[in-house]
Visitor: 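Please see the structure below; I have some questions.
Below, chain A is the first sequence line, B the second, and so on; all start at residue 1. All values below were derived from every heavy atom in this structure, side-chain atoms included, with hydrogens, water molecules and symmetry-related copies excluded.
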Protein chains: 2
Amino acid sequence: MAATMHDVARLAGVSIKTVSNVVNGYPYIRETTRARVLAAIDELDYQLNVAARNLRTGRTGIIALAVPELSLPYFAELADSVIEAADVQGLTVLIEQTGSRRERELEVLSGARRHLTDGLIFSPLALGAGDEDLLRVDFPVVVLGERMFPDSVDHVTMQNVEAARAATEHLIALGRRRIAVVGVHPGEVVGSAGLRLAGYQEALEAAGIPVDERLLGEAGLWHRATGAEAMARLLEDGAEPDAVFALNDAMALGALHELQVRGLRVPQDVAVIGFDAIDEGSYSNPSLTTVDPGREQIASTAVRLLIEQMRSRPAEHVPQRVYADFSILERGSTVVEAPAVRPRVHA
Amino acid sequence: MAATMHDVARLAGVSIKTVSNVVNGYPYIRETTRARVLAAIDELDYQLNVAARNLRTGRTGIIALAVPELSLPYFAELADSVIEAADVQGLTVLIEQTGSRRERELEVLSGARRHLTDGLIFSPLALGAGDEDLLRVDFPVVVLGERMFPDSVDHVTMQNVEAARAATEHLIALGRRRIAVVGVHPGEVVGSAGLRLAGYQEALEAAGIPVDERLLGEAGLWHRATGAEAMARLLEDGAEPDAVFALNDAMALGALHELQVRGLRVPQDVAVIGFDAIDEGSYSNPSLTTVDPGREQIASTAVRLLIEQMRSRPAEHVPQRVYADFSILERGSTVVEAPAVRPRVHA
DNA sequence: TCCCCCGTCTACAACGATGTAGCCTGGCAC
DNA sequence: GTGCCAGGCTACATCGTTGTAGACGGGGGA
């Protein structure tokens, strides 16, 4: 069927290895030889067989990205960024969805696809405290997010505590005092939920506002739907918030929706701030104030660290922890936007 | 480093081929032998080297999914569905982002990754009329969407014309007469834009409403931002619409945002309907009426057809065209929702 | 003049699995 | 007792590439 190096070699009148050398850019080849080989490749429409190269070299040119779900916009946008960053480096990305299921996350770390990829960028959700050892694997891994902290592994993360504190301070500066949180994971300490809640508490404390347990809205999965549900519960339980800090944008948008369905005005009655800076938040009504956690920076840093690991002997790589820069994007869900000019309206 | 079949064979005291036979479920193996081999596999923590198997068998267990962009929610959700459907069949999905760039779409069809995958599910945007021949490739392909129609290729698609007609009829039934379209590609006939516009025109015609060119809002890329821009242009050019049919949900949400920023009430002043039924539309304010084009059905059908192609000789596979079922999801952007009970509000 | 080195190229053996062919053993029919 | 067959297993070649070692010819330094 498809042409192999053998066919090219015969047509060009050289050895197979010379074809290989041409393909791989080996320098010591006479120009005339190189031209003949390239002509033969062109004529036969030859394509390198990646599987064979993989077998021989042990490298695949593929890195895996394991995320909970692509239908969560943050992870879709993260995947987009990772694919772009990897493409620049000539790498292909294989996306694994773990569905936040522990068993699938374990599979990713130990699984059969290891031979198919040169490394893994891993954004765990289900694995947690006590699972640190599982990350000590013998292939390149970069961890995203906040779940685990073995120092032996590269780690790219957000400044969760600081950013959450800044988000809360933004609400406090607006005069809000009854600030609800949506997406709390009770008892969690090291995960994103725990850290962001800690930032929230720091800000309240600094402002001398007591923490009211009734304002803490639980939500296991961080979807739009769970954000709406948590918001509904807060309202029905009489928490009477004047602001909401949703621990991610998807929940913030769900909460925003729920507030408006119930006739509450945002931001006048309740201000809402999210976390992630997904594109969607720019187009909600009102648009969503949020924390930009530096997604692109996280993606490109993760790819860079992974490549460094891939290129160095395991022993000589010094694991790093990188914190991306963050910023608060102030939009209409906390600050009343300039009154719009009412345009021509049809009669 | 990692154990190979050779190591397992030595430990179990059998030949390499017997190990291979055990791994592949070959039936004629004594129970005691099988047990010994399995024990050895377990002890050595042996993992099959996929690259080697690929080289030998020519199969990889990977299928490629080529989409324009994961940051477009429809494609993120489609990818999610395809990954799930493929996983059920024991296949891994490699996602390629083409960024709607013609050159990247060509690469996907002819590119080097062919050796890495057993087939391709391809959602083209940039390729168009005249490119039909490019799809006659010698490996399994299933095409999604509306761009090209060679009968020689499997094709899973939406009922674009009918669904768009139904969407427009929904608006007409609500008494709207000046229905703007957002996302028009002037001159296009076979693409999603062309077909959906055709459905729109059919509906107007059937209702005896003349088509007003000024109501056709152009947008090349179908993002939230382009939807908002097209909406702004329509309003500024004095088109005075009383309804908007956005050709996808992302643009619909952009348009919705733009309308509200300008102080227009949705649906009272302008009704909005989208197309795609992305999750996000359930949580906008108001929630978005849209066309559900049967995304899950499309994904699972595409995977099924691809597997059929992979299993049969090229000659004996009869290409099919499958149209997914659609439905209209009526929500708050066209129909005023039941007035919400105003809950306890903080003083 | 001789030797070495450099540029250019080739032969051969691997990478780790699987397909093919065939060996051996025991049981059964004749 | 012989022949045959099926079950259970093995040896070997092979997939298409790349790493290693080394061949070869010509130019420059000793």
Visitor: Quick one: does V303(A)'s side chain get under 4.5 Å of I121(A)'s, heavy atoms only?
Guide: yes
Visitor: Please answer whether the main-chain N or O of D279(B) pairs with a side-chain N or O of E77(B) as donor and acceptor at a distance below 3.5 Å.
Guide: yes
Visitor: What is the distance from OH of Y46(A) to P of dG16(D), rounded to the nearest Å?
Guide: 10 Å
Visitor: Could you pull out all residues at least two apart from D7(A) that satisfy salt bridge (Lys or Arg N to Asp or Glu O under 4.0 Å)?
Guide: R10(A)
Visitor: Could you tell me how far apart L48(B) (CG) and dC15(C) (P) are, to the nearest whole angstrom?
Guide: 16 Å
Visitor: Please state how far atom CG in D7(B) lies from atom C1' in dC15(C), giving the value in whole angstrom units.
Guide: 13 Å
Visitor: Let me know, please, whether V19(B) or V19(A) comes out on the 5' side of the other along DNA chain D by nearest nucleotide.
Guide: V19(B)
Visitor: Say whether, by atom type as modelled, one donor and one acceptor occur between the side chain of Q297(B) and the main chain of D325(B) under 3.5 angstrom.
Guide: yes
Visitor: Could you check which residues of residues 8-16 of chain B get a heavy atom under 4.0 Å from DNA chain D? Sort them by number, please.
Guide: V14(B), S15(B)
Visitor: Would you say dT10(D) has OP1 or OP2 under 4.0 Å from some side-chain N or O of T18(B)?
Guide: yes
Visitor: Provide the full list of salt bridge (Lys or Arg N to Asp or Glu O under 4.0 Å) pairs with a residue in residues 62-71 of chain B, sequence neighbours left out, each pair given once.
Guide: none
Visitor: Nearest-Å distance, CG (L116(A)) to P (dA17(C))?
Guide: 14 Å
Visitor: Kindly state which residues belonging to residues 54-62 of chain A come within less than 4.0 angstrom of DNA chain C, counting heavy atoms of the residue only, listed by number.
Guide: L55(A), R56(A)
Visitor: So, are E105(A) and R102(A) salt-bridged, with charged N and O less than 4.0 Å apart?
Guide: no
Visitor: Could you tell me whether the side chain of Q309(A) and the main chain of V141(A) form a donor-acceptor pair under 3.5 Å?
Guide: yes
Visitor: To the closest 0.5 Å, what do you measure between CD1 (I95(B)) and OG1 (T92(A))?
Guide: 12.5 Å
Visitor: Atom CZ of R53(A) to atom C1' of dG19(D): distance rounded to whole Å?
Guide: 13 Å
Visitor: Using modelled atom types only, decide if a donor and an acceptor are shared between the side chain of R321(B) and the backbone of H155(B) within a distance under 3.5 Å.
Guide: no
Visitor: Not counting sequence neighbours, list each pair that qualifies as a side chain to side chain donor-acceptor pair (under 3.5 Å) and has a residue in residues 49-67 of chain B.
Guide: N24(B)-R53(B), T60(B)-D118(B)
Visitor: Can you check the Q47(B) CD to dA17(C) P distance for me, whole Å?
Guide: 11 Å
Visitor: Give the residues of residues 21-44 of chain B touching DNA chain C, defined as any heavy atom closer than 4.0 Å, sorted by residue number.
Guide: N24(B)
Visitor: Check the distance between dT18(C)'s C1' and H6(B)'s NE2 and give it to me in whole angstrom.
Guide: 16 Å
Visitor: Name the closest nucleotide to the K17(A) side chain, picking from dT17(D), dT18(D), dT20(C).
Guide: dT18(D)
Visitor: Among the nucleotides dT18(C), dT17(D), dG16(C), which one has an atom lying closest to any side-chain atom of T4(B)?
Guide: dG16(C)
Visitor: CE of M5(A) versus P of dA11(C): gap in Å, rounded?
Guide: 16 Å
Visitor: Find the distance between CZ (F122(B)) and OG1 (T98(B)) and round it off to the nearest 0.5 Å.
Guide: 6.5 Å
Visitor: May I ask you to decide if Q97(B)'s main-chain N or O and R104(B)'s side chain share a donor-acceptor pair within less than 3.5 Å?
Guide: yes
